[in-house]
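Note sheet for the following structure.
Every heavy atom of this structure was used, including side-chain atoms; hydrogens, water molecules and symmetry mates were not. Here is the naming used below: chain letters follow the sequence lines, and residue numbers restart at 1 for every chain.
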Protein chains: 2
Amino acid sequence: MAARDYGQYDGITRALELVGERWALLIVRDLLVGPRRYGELAAGLPRIPSNILASRLKELQAVGVIRRMPRSRVVLYELTPYGRELEPVVLALGAWGFKAMGDPRDDQVVTADSMTIALRTAFRADVAESLPATAYAARLGPAELLIRVDGSRLAVDRGTGPADLDFTAGPDIRHLISGELAPARAIATGVVEVLRGPDELLDRFASTFHLAA
Amino acid sequence: MAARDYGQYDGITRALELVGERWALLIVRDLLVGPRRYGELAAGLPRIPSNILASRLKELQAVGVIRRMPRSRVVLYELTPYGRELEPVVLALGAWGFKAMGDPRDDQVVTADSMTIALRTAFRADVAESLPATAYAARLGPAELLIRVDGSRLAVDRGTGPADLDFTAGPDIRHLISGELAPARAIATGVVEVLRGPDELLDRFASTFHLAA
DNA sequence: CGGAATCCCATGCGATACTG
DNA sequence: CAGTATCGCATGGGATTCCG
């Protein structure tokens, strides 16, 4: 491996040597959600060639960012404590990139893990703290997420479950997150479809998850 | 560009599409210090092939991260406001990579701009606030920096000037920054050589600039 | 002399096929 | 399901040349 070398001695260069290769930070992003199997990673990164996934996993392991966790017959990959410290980097990147997102192209896909991290990026712990605990069941494209906010704590899990507000939304939900689209208008225009629960809870959702654009 | 497409629709993927190419974030790092000419960038990135520098500059400009600023005969490159918003990303990466820095290899170089950003990364505004204004003149390898701290404000400029403490240090200064090496021992062991000013000011420096390892 | 464009070669990546 | 093997191509590295 010995990631191609930039010939400089500083923290940023070092970081890029470790996680600057193509796909590496997307693997880290997904592992920030939780341990994953090889096949789960491959499914969450639809375009990654399997040989690249295999070599990235080896490289990231060699430099101490991830580790293999043999768990009852199958192997799980998980971040090491040091790898988990990339969370601020990944969230900062996500917040920055969010502002440059246009409309999705036809060949672009939404995954559960990327949406989970996006929600973490947009989560306003300070705002949530003063709101009642709330559970949202969101169907965001192919991703079904159960989002539970309790005080300043956020938990996002795959799948569905009991929720105060149950809604479906397409990619345009980013306009709700950015504040460009008011919750009432999001419902009126069909960007968000409320399946169950009071529409007003979408206001709470929008103030809990907000990222300026 | 766009050929290097990840096929996903989320903020992190978008960010990596814009600044994920090799060398791109190092160019951004140097431009965070200030506008630079082509030749200055090339000098600060000793290993970058000139064709790569030229294409990265074009790409970064095309996506709105940098802009060309014709300034009296010569062209300066500078970050756009949006590009400047990458500062948290770059600092977070630097802080993370700092912890994985070993000893410098023979082929590794220290540049003034990378040290400037490293100092910004390690700067503790909250600590500095309660300390008297101080100017340090530091010779860090080939980089001569004038570091002025005034309250919670930090200014790092190339070159030298009047300073309260004037010192020279090699790469092992990172052990001072990380707190592994006490200021007094840094002087005793020759990691830091004080040229002018009271040794005690190195304590102030070490508490002003600190990054856990 | 600053700011590239152009060559050539080495390597990393992507797509697909294949194997334990 | 979890990877390897292989191959063609795009990209990066480095030196050189060009242009204003």
Side-chain angles (χ1 to χ4, degrees), chain A residues 1-8 13 16-27 30-31 35-63 66-78 105 107-109, chain B residues 1-8 13 16-27 30-31 34-63 66-78 105 107-109 113:
Chain A
M1 49 128 293
R4 289 175 300 170
D5 185 3
Y6 290 97
Q8 297 186 35
T13 304
L16 293 177
E17 286 173 1
L18 301 186
V19 295
E21 302 289 316
R22 197 164 156 72
W23 295 104
L25 276 177
L26 294 181
I27 294 171
D30 286 4
L31 291 180
R36 292 285 180 266
R37 308 164 54 156
Y38 183 96
E40 294 175 313
L41 289 170
L45 274 11
R47 297 264 262 263
I48 196 174
S50 62
N51 57 344
I52 299 295
L53 177 55
S55 20
R56 289 295 172 275
L57 290 173
K58 275 214 226 2
E59 293 159 7
L60 290 172
Q61 200 187 335
V63 299
I66 69 175
R67 88 169 58 114
R68 286 169 60 107
M69 186 169 60
R71 178 66 63 91
S72 70
R73 308 226 67 200
V74 302
V75 172
L76 285 180
Y77 293 90
E78 66 174 356
R105 299 188 296 265
D107 61 337
Q108 284 184 321
V109 133
Chain B
M1 47 181 339
R4 299 173 78 77
D5 185 4
Y6 290 97
Q8 295 185 35
T13 302
L16 292 177
E17 286 173 0
L18 301 185
V19 296
E21 301 289 315
R22 196 164 155 71
W23 295 104
L25 276 176
L26 294 181
I27 294 171
D30 286 4
L31 290 180
R36 292 284 179 268
R37 310 161 54 151
Y38 183 96
E40 294 175 311
L41 290 170
L45 273 11
R47 297 265 260 264
I48 196 174
S50 66
N51 56 345
I52 300 295
L53 177 55
S55 23
R56 288 295 173 275
L57 289 174
K58 274 214 234 341
E59 293 159 5
L60 290 172
Q61 199 187 334
V63 300
I66 70 174
R67 85 167 63 111
R68 287 169 60 108
M69 186 171 59
R71 178 65 63 90
S72 70
R73 311 224 68 198
V74 301
V75 173
L76 285 180
Y77 294 90
E78 67 174 355
R105 299 187 297 265
D107 60 338
Q108 283 184 320
V109 133
D113 286 346

note = Atom CZ of B:Arg36 and atom P of C:dG3 are separated, to the nearest Å, by 13 Å

ask   = Looking at side-chain heavy atoms only, is the closest gap between B:Arg47 and A:Tyr6 below 4.5 Å?
value = no

ask   = For A:Arg73 and D:dG3, what is the distance between atoms CZ and P respectively, to the nearest whole Å?
value = 14 Å

ask   = If we only count heavy atoms from C-beta on, is the B:Leu41 to B:Asp113 side-chain gap below 4.5 Å?
value = no

note = Against the side chain of B:Asn51, the closest entry in C:dC7, D:dT6, C:dG3 is C:dC7

query = Taking C-beta and beyond as the side chain, do A:Ile27 and A:Val19 meet within less than 4.5 Å on heavy atoms?
reply = no

ask   = Rounded to the nearest Å, what distance is computed from the CD1 atom of residue A:Ile52 to the C1' atom of nucleotide D:dA5?
value = 13 Å

ask   = Contact class for B:Val75 vs. all strands (heavy atom < 4.0 Å): base, sugar-phosphate, or nothing?
value = sugar-phosphate

query = So, is the end of the A:Arg68 side chain (NZ or CZ) under 6.0 Å from the ring centre of A:Tyr38 and within 45° of the ring's axis?
reply = no

note = Of the listed D:dG12, D:dT4, C:dG3, the closest approach to the B:Arg37 side chain comes from C:dG3

query = Nearest to the side chain of B:Pro49, which nucleotide is it out of D:dG14, C:dG3, C:dC13?
reply = D:dG14

ask   = Which part of the nucleic acid, if any, lies within contact of A:Arg68, taking any heavy atom under 4.0 Å across all strands shown: a base, the sugar-phosphate backbone alone, or nothing?
value = sugar-phosphate

query = Which nucleotide, C:dC13, C:dG3, D:dT6, lies nearest any side-chain atom of A:Arg56?
reply = C:dC13

message = Please tell me if B:Lys58 has a side-chain N or O lying less than 4.0 Å from either OP1 or OP2 of C:dG3.
response = no

ask   = Quick one: on DNA chain C, does A:Arg47 or B:Tyr38 contact a more 5' nucleotide (nearest heavy atom)?
value = B:Tyr38

query = Nearest-Å distance, CG (B:Leu45) to P (D:dG14)?
reply = 13 Å

inquiry  = Quick check on C:dG12: is either OP1 or OP2 less than 4.0 Å from any side-chain nitrogen or oxygen of A:Trp23?
reply    = no

query = Rounded to whole angstrom units, what separation is found between the CG atom of A:Asp5 and the C1' atom of C:dT11?
reply = 15 Å

request  = Using a cut-off of strictly less than 4.0 Å, decide whether A:Arg22 has a side-chain nitrogen or oxygen near OP1 or OP2 of D:dT11.
outcome  = no

remark   = Rounded to whole Å, CG of A:Leu26 lies from P of C:dG14 at a distance of 11 Å

ask   = Any donor-acceptor pair under 3.5 Å between the side chain of B:Ser50 and the base of C:dA5?
value = yes

ask   = Looking at A:Arg22 and A:Arg56, what are the two nearest heavy atoms and their distance?
value = O-NE, 2.7 Å

request  = Report the distance from atom CD of A:Glu17 to atom P of C:dG12, rounded to the nearest whole Å.
outcome  = 14 Å

remark   = From CD of A:Glu21 across to C1' of C:dG12 the rounded distance in Å is 8 Å

